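Keep in mind it's a predicted model, so treat the numbers as computed, not measured.
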2 protein chains.
Amino acid sequence: MFEEDARNTLIKHGLKVTPQRLAVLETLRSMNTHPSTDTITGVIREKYPHIATGTVYKILETFVEKGMIKRVTSDRDIMRFDARTEPHHHLYTAQSGQITDYFDDELTRMLEDYFRKKQIPGFHLEEIRLQLVGNFTDTGTDDEQGHDSRHHK
Amino acid sequence: MFEEDARNTLIKHGLKVTPQRLAVLETLRSMNTHPSTDTITGVIREKYPHIATGTVYKILETFVEKGMIKRVTSDRDIMRFDARTEPHHHLYTAQSGQITDYFDDELTRMLEDYFRKKQIPGFHLEEIRLQLVGNFTDTGTDDEQGHDSRHHK
DNA sequence: ATATTAAATGATAATAATTCTTAAATAAGA
DNA sequence: TCTTATTTAAGAATTATTATCATTTAATAT
Ligand SMILES: [Mn+2]
Ligand SMILES: [Mn+2]
Ligand SMILES: [Zn+2]
Ligand SMILES: [Zn+2]
């Protein structure tokens, strides 16, 4: 799924290679559920029990600043993250709160074309994000899991 | 801007009419900046100094459940709200953190057409949200204000 | 390999947004 | 007006996030 290994990505972005950073990046890359900081920390601690909460927050923030990962906005009061930085869209579902990747090049192109032709006056567009809100009809044989822990409320 | 007055909207949705609810709904309707709970509370307190923080939170939650207003997701750890429930899109800007309405019926139609033709397998689409991220080039003579108060960090 | 040093981490405290709890107030209907 | 279910106010509690600072460590030079 990812071209280069985590170690190389860190070096390429001028970051020191630490076990914590490798763990965060590899963990996030291994998940397609757009996990919260808390979820990432939980997964890492299965193999590396001593990592500090604040460290994970700081590492994720660093990665976002470097453009290595993206923030994904959730409807609730939690930040979530995405290791995939190429243009794609997201399916939001109320039921499970899960955010699923939706790759659709035709759609991406259509939107890019639209805004190439029709400029928004006084606004320089840098990124197009589409949130598709709905429900999964298929309660099928998928491997989706909903890894997030429960908090707030 | 709004067809019916706040009182009628409350009645229509089966909610008791209270001064606090009227204040929240009228305040939110008067703003086009997608304010946070904190901002709304601040504005209300100019005229109604005694409203409790928790009351504003609860009222906003009630309105969202009734579909009278919408949540607008922000990139950071704050919820923001929108009194406009008809289909429209949003301009996000990093600089000011402001979220601006973008009405574009042609765009809305294009997206609805697209998903009418091309269904997403196993997914029942209910709402299409477009976040257009960029910067305002025009440092012009506008009346935009950025009403949010500062918090976190 | 060792020393040097800037940067990163861990532990913990501090903030800030949100939710909960409960007694008091009040809107709506009889 | 009386009754009652709902709503509000106040403050405490919870939770996500950020800050602080002493300790450790990765990278680099010797
Ligand atoms: Mn929170
Ligand atoms: Mn927060
Ligand atoms: Zn994604
Ligand atoms: Zn809006």
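Counted by atom type alone, B:Ser36 and B:Thr39 present one or more donor-acceptor pairs between their side chains at under 3.5 Å. Side-chain contact check for B:His90 and B:Asp82: at least one donor-acceptor pair (N or O, by modelled atom type) lies under 3.5 Å. Under 3.5 Å, the side chains of A:Thr9 and A:Arg29 contain a donor-acceptor pair of N or O atoms. B:Thr62 and B:His13 are not linked by any side-chain donor-acceptor pair at a separation below 3.5 angstrom, with hydrogens and angles left out of the test. The closest side-chain donor-acceptor pair between A:Gln98 and A:Tyr92, if any, does not fall under 3.5 angstrom.
For B:Asp38 and C:dT15, the CG to P distance is 17 Å, given to the nearest whole Å. Rounded to a whole Å, the CZ atom of B:Phe81 is 7 Å from the P atom of C:dT18. One atom, CD1 of B:Ile44, and another, P of D:dT8, lie 11 Å apart when rounded to the nearest Å. Nucleotide D:dT7 holds its P atom 11 Å from the CD atom of B:Glu65, rounded to whole Å. B:Leu60 has its CG atom 15 Å from the P atom of C:dA17, to the nearest Å. Here D:dT6 presents its P atom at 19 Å from NE2 of B:His13, a figure rounded to the nearest Å. Note: CG (B:Leu10) to P (C:dA27) measures 13 Å, nearest angstrom. In this structure, CZ of B:Arg80 is placed 11 Å from P of C:dT18, rounded to the nearest angstrom.
A close approach under 4.0 Å does occur between a side-chain nitrogen or oxygen of B:Arg76 and OP1 or OP2 of D:dT18. The shortest distance between the side-chain N/O atoms of B:Tyr57 and the OP1/OP2 oxygens of C:dT19 is not below 4.0 Å.
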Per-nucleotide protein contact along nucleotides 8-13 of chain C, 5' to 3', at a 4.0 Å heavy-atom cut-off (B base, S sugar-phosphate only, - neither), is SBBS--
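Of the two residues near DNA chain C, B:Thr37 and B:Ile11, the one whose nearest nucleotide lies more 5' is B:Thr37.
With contacts defined as side-chain heavy-atom distances shorter than 4.5 Å, the pair B:Met31/B:Val43 qualifies.
Checking each of A:Thr108, A:Asp113, A:Leu107 against A:Leu111 for a side-chain contact (heavy atoms from CB on, under 4.5 Å) leaves exactly one that passes, namely A:Leu107.
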